[in-house]
Amino acid sequence: MSDLASTAGSPEPSPTSSVVRLRPTQRLFSTIEGVFHEEVFFLILSVFIGIFSGLAVVCFRLAIDWMHLALLGPLPQTHSWRLFAVPSLAGLVVAVLVLHVFPGIRGSGVNQTKAALYIFNGFIPFRTAVGKFICAAIAIGSGQSLGPEDPSLQIGASIASALGRQLEISREKLRLMAPVGAAAGLAAAFNAPISAVLFVIEEVIGRWSAGILGSVVLSAVSSVVIVRWFLGSEPLFRIPVTTFKRPTELVAYAVLGIVGGLASVAFAKSIGYLRPRLKAWPRWTQYLQPAFAGLLIGLIAFLGAPQIMGAGYDSMDQAMHGQYAWKVLAILAVLKIVATTFSFVSGTPGGMFAPTLFIGAMLGGAVGDIERMFFPHLTGSTGTYVLVGMGVLFAGFLRVPMTSVFMVLEVSGNYEIIVPVIVANTFSYLVSRSLQSVPIFDLLTRQDGLILPSLEEEREEAILRVEDAMLPVPAIILNAEDYVDVNARRIQGSSDLAFLVRMRSSGWSTITREQLQRLFQEGKGELRLASALPSQTVPSLYPDLPLDSALRYVNNYALVPVVNRANFSKLEGVISSESVFQKYRQ
Amino acid sequence: MSWRLPKLVPRSAPVILLVLTLAAATGFAAVGHLVARYNANQQSRGRKLYAQGVVAAGAGRYDEAIAAFRAALTCDRTNSQYQLSLARALRDSNDPRRLDEAESYLVALWQRTPQDAAVNLALARVAAHRGSIEDATRYYHNAMYGVWNSDPDSNRSRARIELIQFLLKKGAPANAEAELMALSTSLPRDPAAHFEAAQLFAQAQDYSGALTQYREAIHLDPLNSSALTGAGEAAYNSGNYAAAQHYLQEALNRNPQDANPRQLLATTELIVRTNPFRSHISDVERNRRITAAFGQAGRRLTDCAEQTGVDLNATGASPASPLASLQARWIATKPELNRLRSPAETDLPDAIMDVVFQIEQQTASVCGRPQALDLALFLISQKREAAIQ
């Protein structure tokens with residue numbers, strides 16, 4: 001500003017100051033540009049990704065509603081011919097679009113986002129977003145048993161990827177654009193930013209860092225703000241009064257977790273079994289598969305269970321308020337598993353988040369009602385069990401334990417049920433994990449011929465640590481302040497090839513037998529060892545560090561000291577390249 | 001398909017941000033326009049569905065109404081009117097499972113507008129369906145003191161009357177009476193309102209309060225034969241037989257075909273004619289009535305003993321038999337009748353009538369409800385305090 005002021009006040013600009021001739025706007029731009037290094041710019045970009053994703057998801061939701069009204073009418077009548085005609089015909093249309101216009105939209109949006117992150121350098125074709133938008137709107141609007149969350153996630157990821165490519169940001173950042181967009185899309189669809197952030201971190205990115213977390217949070221929050229701005233802040237469900245009074249009731253929730261885990265396995269296995277087989281059928285059958293799924297769903301609806309059509313949020317809401325008897329709830333859970341399995345394996349675009357919540361809700365309500373029948377003293381309402389059930393399926397089927405807990409809390413806004421949710425979700429997760437080793441997302445990826453990192457496996461993987469390769473404290477530790485000849489005499493009885501040297505002030509160094517003997521032979525025995533050693537000390541390691549972190553040192557130093565975190569001067573042991581590689585070889 | 005924007009702008013951060021801001025603003029405007037149009041269509045559709053629901057609910061087709069209101073709500077999720085109507089339909093559908101959902105809608109509305117009397121009244125009715133006196137009373141009171149969009153006085157009275165009816169039904173007459181007191185002070189000058197209040201007083205067995213309200217109703221509408229009958233019944237039940245005779249007679253004069261007051265009038269007249277404690281009668285008449293009552297009690301005792309197989313004259317009659325004891329008392333008292341004329345025997349009428357009343361009450365419990373003069377004496381015994389007029 002001072003430059004600008006002095007320039008403005010100068011009657012005859014100096015011929016050497018060419019900057020003075022710049023227009024004020026240009027100078028302002030150059031000043032602003034100096035502020036934006038890539039990290040800051042990426043954060044700002046995340047807000048725009050959230051805004052654009054939010055706008056797209058608003059349009060997507062309107063498109064689904066509009067399709068539903070146009071195809072099924074505002075007041076669907078049970079036993080109407082529309083119930084099975086519409087999903088079947090819409091299935092045909094979707095099949096043609098998927099096979100001829102948008103071939104890249106088959107499959108899970110979560111996996112495609114992961115593939116963009118790990119394989120395609122952040123690239124998701126924008127065509128995918130367009131295709132998902134159109135086909136998922138037709139499919140879900142016509143009553144296919146799928147949800148809008150996964151397509152929303154992918155639409156967000158596609159927008160982010162397209163934006164990143166257009167702005168030519170670095171490859172490293174471009175890879176992260178898709179998950180950032182995915183978080184925005186999912187948050188907008190669920191109206192739940194925390195769950196979306198956790199899901200993307202837990203399932204897509206798999207690691208926490210300030211930069212990633214900041215971007216994901218910013219995009220998720222801005223997309224939710226946009227959705228609430230246009231569609232209101234009404235939650236997905238009206239949450240009834242939920243209570244948890246006696247700790248002994250946790251047993252009831254544990255039972256729900258076990259049942260939910262078994263249902264999750266049944267659901268995942270049916271998809272895992274049918275999907276590759278249906279894909280292997282002749283190509284012409286793929287035109288009919290979505291139509292067949294639509295026909296099946298339509299017939300179920302026609303015969304009296306229209307609740308299974310579409311995402312089913314209204315039915316979940318009603319289940320939460322005790323509108324269905326336990327038999328109805330149980331039947332709806334089973335029918336939804338069947339309907340969603342066929343919708344999904346037929347290649348119809350759409351997500352499994354909402355159906356998972358639906359199945360969990362119905363199952364939770366049914367199990368809760370049955371438990372209360374046998375144990376009338378249980379205080380949890382049907383609504384409480386329905387809510388917990390949602391999280392149970394989320395944990396068991398999608399295998400995202402953290403997200404499942406926060407999703408229930410965020411949707412219900414009630415922290416009183418956190419303990420039942422954690423207990424039930426843990427049981428569900430453990431049952432599912434023990435009976436179905438491969439999580440559903442990884443299973444789908446492998447069926448599609450891709451090998452993406454399984455974040456669950458990474459989480460569960462046993463990490464080798466420095467202490468695993470650590471050797472005991474050496475018998476001889478040299479002192480840098482002693483003379484070379486003293487140190488040379490000290491090592492005479494030893495067979496070790498390298499020795500650790502304690503420096504006077506702090507830190508450690510190393511010296512080999514050969515180096516020490518050479519010093520002695522060169523007549524430097526009267527010198528202190530410190531004067532012959534390099535001034536840079538050997539870095540220390542801690543026993544709990546991952547063994548990977550030792551790799552960068554063991555090649556440069558013969559021995560690397562391992563010290564106590566509370567007392568740096570206390571030596572816990574040493575590691576060498578040999579001990580590290582030996583541990584890896586094991 | 002490879003999608004790329006043409007490179008029209010230099011790749012500098014401020015320009016990029018400017019372009020993105022413009023794009024966001026454009027998108028915002030476009031989506032805003034789209035959403036506005038969509039919402040307008042949805043609201044129009046919602047109104048049609050709501051109208052269907054109202055018709056169905058009016059005709060008692062609650063399932064149909066609930067479906068229509070639900071569909072209307074999907075068009076306009078925040079519409080309070082739709083939510084209130086859906087909650088009412090859910091509540092009135094007589095399906096206990098639906099009460100939770102109805103309550104959920106209403107609680108959400110209540111949290112938004114706790115002063116809304118219609119919402120409080122609906123919540124009070126849900127609580128009444130559940131049988132919760134505490135919650136129902138709280139919400140009814142909220143409704144009474146809440147904000148009504150139209151005709152607040154009448155609506156408040158209606159809410160209080162509903163609360164009283166609920167309390168009476170739940171067997172809480174003390175609470176109901178407190179509400180009745182408040183109601184009686186706030187009634188409009190409307191005979192129907194006083195008539196209804198009188199009926200509630202009568203249900204709460206506060207017959208003097210009922211009589212007061214019937215009198216108000218008659219005062220405002222002297223030709224109201226129902227009010228006259230009600231007043232007669234209230235006076236009869238409170239033991240005010242002279243007033244009962246008057247009102248019942250008036251009711252019969254207005255509506256001679258009405259059988260109810262006729263029968264009650266006959267009993268009332270008998271009571272008036274035979275009551276020895278009635279004021280403004282001469283000593284001679286009082287003694288005559290006491291003598292007649294005493295004789296009637298003796299006959300009633302004999303008849304009842306015969307009916308139940310108790311031999312009152314047998315020497316070995318069980319002393320434990322209440323009828324035999326009363327017979328013994330009756331025989332012992334009979335000579336006292338001759339002393340009734342003596343002005344010094346001021347306590348004698350009461351003593352004789354005590355025997356009569358004990359006989360009537362005992363025989364009523366052993367042999368069933370009495371008839372005619374016995375009934376009159378029995379009722380006088382019950383309302384003795386009131387009968388001394």
Side-chain angles (χ1 to χ4, degrees), chain A residues 25 28-37 40-41 44-45 47-48 51-52 54-56 58-59 62 65-66 68-69 73-77 104 125-130 158 162-163 165-168 226 229-232 234 238-241 314 317-318 320-325 381-383, chain B residues 1-7 10-21 23-28 30-32 34-39 41-42 45-46 48-49 52-53 64 66-68 70-78 83 90 95-105 107-108:
Chain A
T25 48
L28 180 66
F29 273 10
S30 66
T31 309
I32 293 171
E33 207 165 341
V35 173
F36 294 113
H37 55 84
V40 175
F41 186 71
I44 296 171
L45 206 54
V47 175
F48 282 101
I51 292 171
F52 292 130
L55 292 171
V58 168
C59 293
L62 294 192
D65 282 356
W66 184 82
H68 181 83
L69 286 170
L75 199 55
Q77 303 289 319
F126 191 69
R127 188 176 190 164
T128 306
V130 176
S158 296
L163 196 60
R165 292 198 307 276
Q166 186 61 36
L167 297 179
E168 294 174 351
I226 293 293
W229 177 281
F230 286 113
L231 301 179
E234 289 280 299
R238 294 166 301 114
I239 303 299
V241 177
D314 289 342
D317 187 273
Q318 287 174 38
M320 219 172 270
H321 293 91
Q323 294 298 286
Y324 304 121
S381 64
T382 303
Chain B
M1 185 174 77
S2 177
W3 175 83
R4 291 188 77 79
L5 276 175
K7 291 186 179 179
R11 290 291 186 271
S12 64
V15 174
I16 288 168
L17 292 182
L18 190 66
V19 170
L20 288 176
T21 307
T26 310
F28 214 83
V31 173
L34 199 67
V35 170
R37 283 195 62 179
Y38 177 81
N39 284 344
N41 283 338
Q42 287 288 80
R45 193 172 288 115
K48 281 181 196 160
L49 289 162
Q52 284 178 29
E64 196 181 321
I66 288 166
R70 278 196 205 287
L73 263 177
T74 60
C75 299
D76 188 356
R77 285 173 71 88
T78 55
Q83 289 174 354
L90 287 165
D95 181 349
R97 295 189 74 91
R98 287 176 168 164
L99 277 184
D100 281 346
E101 193 181 4
E103 191 173 22
S104 166
Y105 275 113
V107 167

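Lettering of chains follows the sequences in order, A, B, ..., and the numbering in each one begins at 1. None of these values were measured; they are calculated from a predicted model.
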Original post:
What part of Ile51(A) gets closer than 4.5 Å to chain B, counting heavy atoms only: side chain, backbone, both or neither?
Top reply: side chain
Subject >> Point-to-point distance, once rounded to the nearest 0.5 Å, from CD1 of Ile44(A) to CG of Leu17(B) >> reply: 5.5 Å
**OP:** Check each atom of Leu90(B) against the heavy atoms of chain A and say whether the ones under 4.5 Å are side chain, backbone, both or neither.
**Re:** side chain
Subject >> Interface moiety of Ala24(B) toward chain A, non-hydrogen atoms closer than 4.5 Å >> reply: both
Original post:
Of the backbone (N, CA, C, O) and the side chain (C-beta and beyond), which part of Arg98(B) lies under 4.5 Å from a heavy atom of chain A, both, or neither?
Top reply: both
Original post:
Which heavy atom of Gly27(B) sits nearest a heavy atom of Leu55(A), and at what distance?
Top reply: C-CD1, 3.8 Å
Subject >> Distance, nearest 0.5 Å, that separates CG of Leu167(A) from CD1 of Ile16(B) >> reply: 5.0 Å
Original post:
Which atom names give the shortest non-hydrogen contact between Cys75(B) and Gln42(B), and what distance separates them?
Top reply: CB-O, 3.1 Å
Original post:
Of all of Leu69(A), Ile226(A), Asp314(A), which one pairs up most often with chain B through heavy atoms under 4.5 Å apart?
Top reply: Leu69(A)
Original post:
What part of Thr21(B) is in contact with chain A, defined as an atom under 4.5 angstrom from a non-hydrogen atom: side chain, backbone, both or neither?
Top reply: both
Subject >> Note, Leu62(A) side chain near Val31(B) side chain (heavy atom, < 4.5 Å) >> reply: no
Subject >> Residue part contacting chain A, namely of Glu103(B), when any heavy atom lies under 4.5 Å >> reply: neither
Original post:
Which answer fits Phe230(A), side chain, backbone, both or neither, if we ask what part of it has an atom under 4.5 Å from a heavy atom of chain B?
Top reply: both
Original post:
Any idea which of Asp65(A), Thr382(A), Leu231(A) has the most non-hydrogen atom pairs under 4.5 angstrom with chain B?
Top reply: Asp65(A)
Original post:
Heavy-atom distance under 4.5 Å to chain A: side chain of Ala23(B), backbone, both or neither?
Top reply: both
Subject >> Shortest non-hydrogen contact between Arg165(A) and Phe126(A), atoms and distance >> reply: NH2-N, 4.1 Å
**OP:** Tell me, out of Gly46(B), Ser104(B), Ala36(B), Ala108(B), who's got the most heavy-atom pairs with chain A below 4.5 Å.
**Re:** Ser104(B)
Subject >> Pairwise distance CG(Asp95(B)) to CD1(Ile66(B)) - rounded to 0.5 angstrom >> reply: 8.0 Å
**OP:** Give, for atom CZ of Phe48(A) and atom CG of Leu163(A), the distance between the pair rounded to the nearest 0.5 Å.
**Re:** 9.5 Å
